[in-house]
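These notes concern the structure reproduced below.
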Amino acid sequence: MQIGSLQRKEIAALRSVVEAIETAAGRESREPFSRIRARLDAWTARVAVIGQVKAGKSSFLNAFIGQIGLLPSDVNPWTSVVTNLRINVPSDPREGASFRFFDESSWDEIVNGDPRVRRLAEEMLPGFDTGILLRQAQEMRERAKRRLGRAYASLLGTTHDYDFLSPELLQSYVCAGPGADEGLEAQALGRYASITREADVYLRLPEFSVPVVLTDTPGVNDPFLVRDEFTCRSLDRSDIFIVILSAHQPLTEADIALMRMLSAERAKNVIVFINRIDELEDLDTEIDALVADVAARLRAAIPHAAFSIHAGSAWLAELAQRDDPAARAIRDDLDSEMLPRFLASRYGEVPASQSDRLMLASGIAEVKQTLGSLIDLGAGYRQLAAIHEDLRSEVGALISLCKRERDSVAQQVESVSGRSASRFLLEIRGELGQLSDLRRRLDQRFEAMASATDRLLARAGIALQQAMDATIRDFVEEQRAAVLARASGNDRRPMTVDLLTLSRKLDRDISDIYRRYRAAVDTALNDCLVAAASIAGERFEGIAEGVSLRELPNDEFMTALTLSRKALTVDVISARGWAFWRRPGMDAQKTFDALRRITLAELLPWSQKILKACNEAQAQRVLAGKERIQIILSMVDKAIEERAQRLRSDSAVLAQLAADPSRAAQMANRLQSRMEVLERRLQLLSVSDSHLSKSHLAAA
């Protein structure tokens with residue numbers, strides 16, 4: 001099975017068009033198309049594999065890529081580092097790995113935590129436990145120091161590169177697990193894992209028709225919570241998601257929360273794989289019920305999402321690919337009458353080979369097929385559609401520029417005579433003045449748009465900050481009644497506040513404000529495009545016909561950054577009486593003040609990260625829109641330069657035509673040659689434009 005074969009054809013076809021355009025465009029106009037070709041060459045499908053610890057993500061990936069035992073997947077160790085399997089990426093080494101360590105600043109932030117949270121907690125509630133997060137980070141630092149000794153400090157901020165690859169190498173950098181530390185200093189297992197920020201593994205696999213990055217992430221319930229942010233950042237960079245569930249516990253609250261993060265547009269690019277069906281009692285009856293149950297619960301939790309759901313077993317796929325005596329013995333035991341019956345009823349076929357039977361039962365092939373469809377027709381298709389739209393805009397503008405230049409040269413050919421030379425010089429000087437004025441007006445319109453979008457981005461950031469602050473304040477105020485109720489009942493147990501409701505309200509705030517300001521930004525960009533097209537059209541008819549604002553990035557704001565805390569626990573503050581016979585009660589106001597200040601401090605770092613990510617998404621959309629509009633400005637610049645160059649080269653000749661008529665013939669021949677070049681260029685560009693217009697990407 002070839003993964004992404006249709007996408008490979010589309011990329012190849014688009015690259016062929018770009019190369020033809022580069023040839024036709026001429027040296028002075030190639031640069032935009034060279035950039036687009038570089039984007040095509042760098043195109044990569046980014047796939048994140050996510051799920052809970054020990055759901056079998058690493059085992060799944062090993063079976064998926066046919067590299068059994070490559071990623072650590074034993075009972076004790078688990079992947080604790082974001083690990084990118086970079087498959088067939090042209091610019092990468094053919095084999096090997098690269099491991100990047102935390103730098104000093106990011107490591108210090110992880111180890112020491114946010115000082116504001118700690119200071120407020122200590123001030124309001126002496127002895128308050130600021131959370132497992134800080135303790136884990138400090139334990140991780142101490143473990144790293146014990147493991148690495150003197151090398152510990154010098155490794156921060158560095159990278160280790162290797163030109164070979166082995167399971168043992170990966171275990172040293174990406175592997176972590178529970179247990180005591182005694183004797184770990186002498187072991188390679190997880191030696192550098194505590195300070196490894198991200199790992200890249202380079203592979204060449206013929207089954208993948210296009211470059212693919214498969215990202216193996218730490219589990220969403222990984223006790224090393226300090227890595228959550230880096231996992232979330234890797235998810236934000238991904239286009240397609242494979243969520244691994246366990247057949248024994250297929251949809252926990254953590255799983256549903258994870259799926260909510262990937263809902264909306266991302267749901268179209270989510271594959272759910274229910275792993276470990278080999279551990280079920282009866283494959284014939286339990287699998288369909290299991291898949292139906294997961295689908296129903298997902299619909300109930302996330303009504304408007306539609307996920308692709310498959311069931312299988314990475315262990316069965318591993319058995320199918322192994323050839324050792326132990327694996328053969330297990331295969332023989334599994335290959336009973338039940339397996340062919342299961343395959344016939346579920347897949348409608350029973351392969352002749354024992355290994356093929358187990359591989360079919362593993363469900364891996366179904367996931368590969370779905371992934372290939374998403375690369376060809378889903379997220380990958382939309383990425384390519386955006387490149388296609390940029391290319392059409394550039395080609396349309398260049399065709400208009402060439403037509404204008406051709407018409408100008410034709411006019412000059414007619415003017416090559418002694419009597420008309422002076423008039424032509426005046427005309428071309430006049431046209432230069434008109435073009436300069438046109439360019440000035442375009443600049444003014446573009447600068448006005450840039451100022452407007454800058455103001456909108458600033459207002460969006462302020463509006464989002466205010467909305468989040470208000471929602472958080474309202475949420476905290478809602479807890480006052482609970483505190484008073486606890487106080488009236490003299491309940492002095494620690495108070496726990498569920499943050500799930502708050503998280504959902506904040507998600508709505510973020511989505512609503514992003515959409516509102518995105519619409520305003522799009523209006524400002526479109527008004528500028530229409531105005532620029534009108535201004536440029538005064539001299540270059542049709543120059544903006546191919547320029548549009550379709551396929552701009554970030555229609556919606558989606559991020560995997562979520563509240564790392566699902567709940568906050570606060571010890572109540574006692575109100576002690578002076579009389580010895582009075583039992584201490586609860587100071588409701590001080591307890592509420594403590595809850596308010598700690599909640600705000602806890603959420604501040606998270607809200608700042610969300611605000612930054614949202615602002616960056618808006619800014620990326622604005623930048624992409626500006627680049628489309630600048631195509632028009634760039635073409636006008638080229639026209640001005642062409643006219644100025646022609647004026648410089650021809651003015652002296654034109655001035656001498658009256659004294660030397662033979663010069664007129666020479667100039668006419670040269671201009672005729674230029675006309676022929678422009679005609680050929682227009683023909684080639686028109687052919688390319690026709691190919692682009694007929695491509696199904698044009699309707700993406």
Side-chain angles (χ1 to χ4, degrees), residues 44-65 67 70-74 77-87 97-102 106 110 133 136 140 170-171 173-177 190 192-201 203 212-246 251-252 254-263 266-267 269-275 307 314 367 371 374 379 558-564 609 613:
T44 304
R46 304 192 67 95
V47 183
V49 179
I50 52 183
Q52 297 191 48
V53 166
K54 308 315 295 178
K57 298 185 300 297
S58 298
S59 297
F60 168 83
L61 275 170
N62 286 337
F64 193 82
I65 64 175
Q67 302 281 322
L70 178 63
L71 295 171
S73 58
D74 293 337
W78 60 69
T79 302
S80 65
V81 174
V82 172
T83 305
N84 303 307
L85 304 180
R86 298 177 59 87
I87 302 169
S98 179
F99 305 96
R100 293 182 293 284
F101 298 130
F102 290 109
S106 57
I110 286 174
L133 197 62
Q136 285 179 351
M140 200 160 74
L170 286 176
Q171 287 178 4
Y173 288 89
V174 307
C175 207
Y192 301 100
S194 294
I195 63 169
T196 304
R197 179 170 183 163
E198 195 166 15
D200 287 337
V201 175
L203 298 166
V212 174
V213 177
L214 288 171
T215 300
D216 189 16
T217 62
V220 293
N221 59 334
D222 190 333
F224 287 93
L225 298 176
V226 293
R227 300 185 186 274
D228 274 2
E229 183 179 341
F230 302 106
T231 299
C232 290
R233 287 176 185 174
S234 71
L235 298 186
D236 279 346
R237 295 196 304 262
S238 300
D239 311 306
I240 299 169
F241 306 87
I242 302 176
V243 181
I244 308 296
L245 306 178
S246 171
L251 207 59
T252 65
D255 292 324
I256 291 175
L258 179 66
M259 304 293 270
R260 281 197 181 97
M261 285 169 23
L262 305 177
S263 57
R266 289 184 172 189
N269 297 296
V270 174
I271 303 169
V272 177
F273 182 70
I274 306 172
N275 194 20
F307 303 101
V367 178
L371 176 61
L374 291 179
M558 295 174 291
T559 178
L561 287 167
T562 58
L563 287 170
S564 60
K609 290 170 186 173

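These figures come from a predicted structure and were not determined experimentally. For the single chain, residues carry numbers from 1 onward in sequence order. Computed from heavy atoms alone, side chains included, the values below leave out hydrogens, waters and symmetry copies.
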Mind listing the closest non-hydrogen atom pair of Thr196 and Phe99 along with its distance?
CG2-CB, 4.4 Å
Calculate, to the nearest 0.5 Å, the distance between atoms CZ and CZ belonging to Arg46 and Phe241 respectively.
11.0 Å
Is there a side-chain contact between Leu85 and Leu71 in this structure, where contact means two heavy atoms from C-beta onward sitting under 4.5 Å apart?
yes
Please report the C-alpha distance between Thr215 and Val82 in whole Å, then the side-chain angles of each, then the deciding distance to 0.1 Å, and finally whether the side-chain contact (heavy atoms from CB on, under 4.5 Å) criterion is met.
CA-CA 7 Å; Thr215 300; Val82 172; 3.6 Å; yes
Please name all residues satisfying side chain to side chain donor-acceptor pair (under 3.5 Å) with Arg86, sequence neighbours left out, ordered by chain then number.
Asp92
Exercise: identify the closest heavy-atom pair between Val81 and Ala193
CG2-O, 3.8 Å
Find the distance between CD1 (Ile242) and CG (Leu61) and round it off to the nearest 0.5 Å.
7.0 Å
Can you name the closest pair of heavy atoms from Leu170 and Leu70 and give their distance?
CD1-O, 3.4 Å
Using only atom types and a distance under 3.5 Å, with no angle test, would you say the side chain of Thr217 pairs donor to acceptor with the backbone of Val49?
yes
Shortest non-hydrogen contact between Ala314 and Ala63, atoms and distance
O-CB, 4.0 Å
Could you walk me through whether Val47 and Ile271 pass the side-chain contact (heavy atoms from CB on, under 4.5 Å) test, one step at a time?
CA-CA 10 Å; Val47 183; Ile271 303 169; over 6 Å; no
Do Arg100 and Asp200 come within less than 4.5 Å of each other through their side chains, counting heavy atoms only?
yes
Inter-residue atom distance Glu198.CD - Phe102.CZ, 0.5 Å rounding
9.5 Å
Scanning both residues in full, the closest heavy-atom pair of Gln171 with Pro72 reads CG-CG, 3.8 Å
For a quick test of reading the model, state the closest non-hydrogen atom pair linking Leu214 to Phe64 and the distance between them.
CD1-CD2, 4.1 Å
Once you measure the plane-to-plane angle for Phe60 and Phe273, does it fall in the parallel (<30°), tilted (30-60°) or perpendicular (>60°) bin?
tilted
For Ser98, the side chain to side chain donor-acceptor pair (under 3.5 Å) test, sequence neighbours excluded, returns Asp161
For Asp239 and Asn269, run side-chain contact (heavy atoms from CB on, under 4.5 Å): C-alpha distance rounded to whole Å, both residues' side-chain angles, the deciding distance at 0.1 Å, then the answer.
CA-CA 7 Å; Asp239 311 306; Asn269 297 296; over 6 Å; no
As an exercise, state the distance from CG of Asp216 to CD1 of Ile244, rounded to the nearest 0.5 Å.
9.5 Å
Do Val212 and Leu371 have side-chain heavy atoms sitting under 4.5 Å apart?
no
